[in-house]
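Below is one structure, written out as structure tokens; the observations come after it.
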Amino acid sequence: MSLRIYNALRKKKEEFSPLNDNQVKMYVCGVTLYDELHLGHARAAVIFDVIYRYLKHQGWQVKYVTNFTDVDDKMIDRAQMLNLSIYQLAERLMGEYSQQMHALGVLPALCYPRATEHLPEIIDLIKRLERKGLAYVSEGDVFFRVKKFPDYGKLSGQTPSELSAGARIEINEKKEDPLDFALWKKSKKGEPTWDSPWGKGRPGWHIECSAMAMKYLGETIDIHGGGQDLVFPHHENEIAQSEGATGKTFARFWIHNGLVTMSQAKMSKSTGNFLTLREALRGYPGEIIRFFLLSAHYRSPLDYNQTSLKEASLALRRVHTFLRKVDDLAKPREDTPVQNEEQINQFDREIDSNFDNFIQALNDDFNTPLAISAIFQLVKKANLFMEKVDLLNLASYNSLIKVRDRIRQMGQMLGLFQVKQQKESPSLESINELHQELAGIFKGKKPGGYFSTQIDQIKSLPPKQVIDLWVDYRNKLRRERNWALADEIRSKLANLGIILEDDKKGTTWRWSMRSRSDQEVADI
RNA sequence: GGCGGCAUAGCCAAGUGGAAAGGCAGAGGACUGCAAAUCCUUUAUUCCCCGGUUCGAGUCCGGGUGCCGCCUCCA
């Protein structure tokens, strides 16, 4: 089984292996630091994070670099509006970025180079292009001479003649040809500026990526990624600049993620059609958002609607419920007699073949929806197994542990199911509130035993123990067939976000996760 | 006008030649004091339409239709 990746350069899936036997060099275009992130940015980050994780899983050492664009027109405008320097604006947004990426379970890249910290490299690269006649100076600006680069259009399928015929190209008197693009822009008054051989100015948008990718990864990299909306002109121009300067292949594989749409239209800042990542994270844990983002193939468009995250949370809950069930299993004694031996062996084989299916799915151009379905199939089989094998012995227990570990292992490649759902401690206040509530139930009644005599002592116990006590007490009521009171306790606890579940083996409880935006319970 | 993508059940979504994955929602059932969780059964004989290739097509080819992206900053 080998990894096949759809290479946008050739518009087909190709077998992937790194140029240098063990090391993969991957560069992904990051964000421009001018405004909040939205789900579209999150999708790109999560997709390339999965690719990064999977490449590492293949045993390769992966050098993964993603940049920040920290100087451009929109940033300059925005910074002026906020009365900040572009540097301050960048710092602020980078802080949010790392916080939100962390919430999504995105692993840190090797480094996050910034355009403004690589002026010497950028200037060198432009000089190189100038020497080759691929760049020319015009009134303080420097442009790339597209006509001198014969391969122009090889990524996007655009050809210079067709582009020239198009009506949407900006007419600029300074350019020799409308297709030429800026490598260096002469600065206007009040704009951030750097010295250069061509006078004061700032880098054009595309050149930073070429310069920084080459600096950190070399002149030929294995994978270059970014959103589908970057194919033209950004990536096309990167190829022109880089290959024009070096004469070498810039990137062997080009990977583009599909865009997130909302109401069937591209999610985009400029159109106002977007959901910010901040908003999404206010309503749902990062893992749910991540799961949603991986629920479509990375090259397909992904449509967000009102119920997307709700559905994702329900689906994810299924897996978490299973993992928690296994985590809660008590290890049987060594001498528990083995039963259902054939069933257990059969189950073990299924676990392995299921894992193979998962790997095959990811090997086929990172097919995450298919990979995820393998996890669901395994959960289903395991639930069924648990149901059928009623007496848990060491062998069946070990099988279930194996499934759980497999799921966590698969989850690791997707960045899911890593954290056990923490039973966060409620505040002292809410525990006191709980007591008030529950004590109210007993007004005029005699709960008896522990609760009537030791109510003050209970208050000093850790919350988990208090809840356990109430659960015990409720079970006493249930044994007495006092359903009304038992149900009232359950409902009071539910108000505090504590879900009780009774089954044959007893009662377990867990915290639910509430969606703060719409009060819908998204417990996982 | 040019380049590219998509069209599969109520919804989301896999599937590039050989009996239509998975999830959500719905229906029925098992379990349960009731819930919850779990399990079982069930939901596409028309895979956008029309032609063609083939023993056989959602899958390949041709022609339509609809939607989307890029060609201007954009993950």
Side-chain angles (χ1 to χ4, degrees), chain A residues 8 11 13 28-32 34-35 37-48 66 69 72-75 77 153 156-159 161-170 179 205 225-234 236 256-261 264-271 291-292 295-297 299-305 307-308 310-319 321-322 324-325 357 361 364 367-377 379-380 383-384 386-388 478 481-484 486-487 490-491 494 499-504 507-508 510 523:
Chain A
K11 307 205 188 318
K13 288 182 196 171
V28 176
C29 289
V31 296
T32 300
Y34 83 103
D35 205 347
L37 299 178
H38 57 65
L39 274 190
H41 301 110
R43 184 180 192 202
V46 165
I47 283 167
F48 285 103
T66 185
T69 296
D72 96 315
D73 292 344
K74 277 181 305 189
M75 279 185 75
D77 290 348
S156 62
Q158 306 277 358
T159 61
S161 57
E162 279 155 354
L163 283 165
S164 302
R168 297 182 69 183
I169 291 173
E170 181 193 353
L179 292 181
W205 173 38
Q228 228 141 44
D229 51 353
L230 296 181
V231 174
F232 192 90
H234 185 56
E236 196 67 63
H256 296 108
N257 65 275
L259 305 181
V260 179
T261 60
Q264 316 300 324
K266 176 183 172 180
M267 188 171 282
S268 157
K269 282 305 224 183
S270 48
T271 55
F291 180 85
F292 164 65
S295 67
H297 184 86
R299 283 190 282 119
S300 306
L302 176 64
D303 195 62
Y304 169 84
N305 65 48
T307 58
S308 300
K310 175 75 180 165
E311 280 187 18
S313 75
L314 290 168
L316 206 50
R317 182 177 67 179
R318 197 174 156 76
V319 181
T321 299
F322 170 75
R324 194 182 53 240
K325 263 159 69 178
N357 292 342
D364 185 12
N367 191 335
T368 55
L370 192 58
I372 286 169
S373 83
I375 294 179
F376 279 98
Q377 281 170 356
V379 168
K380 181 161 190 160
N383 274 323
L384 199 55
M386 268 207 249
E387 195 129 310
K388 282 188 180 151
R478 290 175 67 218
R481 308 185 72 79
N482 189 345
W483 309 123
D487 288 352
R490 182 170 62 193
S491 116
I499 308 287
L500 299 192
E501 285 175 7
D502 303 322
D503 61 31
K504 288 168 195 159
T507 302
T508 55
R510 62 191 165 87
D523 51 316

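Letters A, B, ... are given to chains in the order of the sequence lines, protein chains preceding strands, and every chain is numbered from 1.
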Report the residues that fulfil side-chain contact (heavy atoms from CB on, under 4.5 Å) with [X], sequence neighbours left out, ordered by chain and then residue number.
{"X": "His38(A)", "answer": "His41(A), Met267(A), Lys269(A), Phe274(A)"}
{"X": "Thr368(A)", "answer": "Val50(A), Leu294(A), Leu362(A), Leu414(A)"}
{"X": "Asp364(A)", "answer": "Lys13(A)"}
{"X": "Ser300(A)", "answer": "His297(A)"}

Under the side-chain hydrogen bond (donor to acceptor under 3.5 Å, both in side chains) test, which residues partner [X], sequence neighbours left out?
{"X": "Ser295(A)", "answer": "none"}
{"X": "Gln377(A)", "answer": "none"}
{"X": "Asn367(A)", "answer": "none"}

Quick one: which protein N/O atoms are closer than 3.5 Å to N/O atoms of nucleotides 3-9 of chain B? Pair and distance per line, please.
{"unit_1": "C3(B)", "atom_1": "O2'", "unit_2": "Ser156(A)", "atom_2": "O", "d": "2.6"}

Distances under 3.5 Å between nitrogen or oxygen atoms of protein and nucleotides 21-28 of chain B:
{"unit_1": "A21(B)", "atom_1": "O2'", "unit_2": "Gln377(A)", "atom_2": "NE2", "d": "2.8"}
{"unit_1": "A21(B)", "atom_1": "N3", "unit_2": "Ser373(A)", "atom_2": "OG", "d": "3.3"}
{"unit_1": "G23(B)", "atom_1": "N2", "unit_2": "Glu311(A)", "atom_2": "OE1", "d": "3.3"}

Sequence-distant partners of Asp73(A), salt bridge (charged side-chain N to carboxylate O under 4.0 Å, His left out), two or more places apart: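 Counting only residues at least two positions away or on another chain, Asp73(A) forms a salt bridge (charged side-chain N to carboxylate O under 4.0 Å, His left out) with Lys185(A), Arg202(A).
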Just jot down the salt bridge (charged side-chain N to carboxylate O under 4.0 Å, His left out) partners of Lys266(A), sequence neighbours excluded, or say none.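 Testing Lys266(A) for salt bridge (charged side-chain N to carboxylate O under 4.0 Å, His left out), a comparison that skips the adjacent residues, returns Asp229(A).
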Between Asn257(A) and A75(B), does any side-chain N or O lie under 4.0 Å from OP1 or OP2?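 The answer is no; no side-chain N or O of Asn257(A) sits under 4.0 Å from OP1 or OP2.
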Please list, for nucleotides 31-35 of chain B, all pairs of protein and nucleotide N/O atoms separated by less than 3.5 Å.
{"unit_1": "G33(B)", "atom_1": "O6", "unit_2": "Arg478(A)", "atom_2": "NE", "d": "3.1"}
{"unit_1": "G33(B)", "atom_1": "N1", "unit_2": "Asp487(A)", "atom_2": "OD1", "d": "3.0"}
{"unit_1": "G33(B)", "atom_1": "N2", "unit_2": "Asp487(A)", "atom_2": "OD1", "d": "3.4"}
{"unit_1": "G33(B)", "atom_1": "N2", "unit_2": "Asp487(A)", "atom_2": "OD2", "d": "2.5"}
{"unit_1": "C34(B)", "atom_1": "O2", "unit_2": "Arg490(A)", "atom_2": "NH2", "d": "2.4"}
{"unit_1": "C34(B)", "atom_1": "N3", "unit_2": "Arg490(A)", "atom_2": "NH1", "d": "2.9"}
{"unit_1": "C34(B)", "atom_1": "N3", "unit_2": "Arg490(A)", "atom_2": "NH2", "d": "3.2"}
{"unit_1": "C34(B)", "atom_1": "N4", "unit_2": "Asp502(A)", "atom_2": "OD2", "d": "3.1"}
{"unit_1": "A35(B)", "atom_1": "N6", "unit_2": "Asp502(A)", "atom_2": "O", "d": "2.7"}
{"unit_1": "A35(B)", "atom_1": "N1", "unit_2": "Asp502(A)", "atom_2": "N", "d": "3.0"}
{"unit_1": "A35(B)", "atom_1": "N3", "unit_2": "Arg490(A)", "atom_2": "NH1", "d": "3.0"}

Mind running side-chain contact (heavy atoms from CB on, under 4.5 Å) on Met386(A) and Lys325(A) for me, showing each step along the way? CA-CA 10 Å; Met386(A) 268 207 249; Lys325(A) 263 159 69 178; 4.0 Å; yes
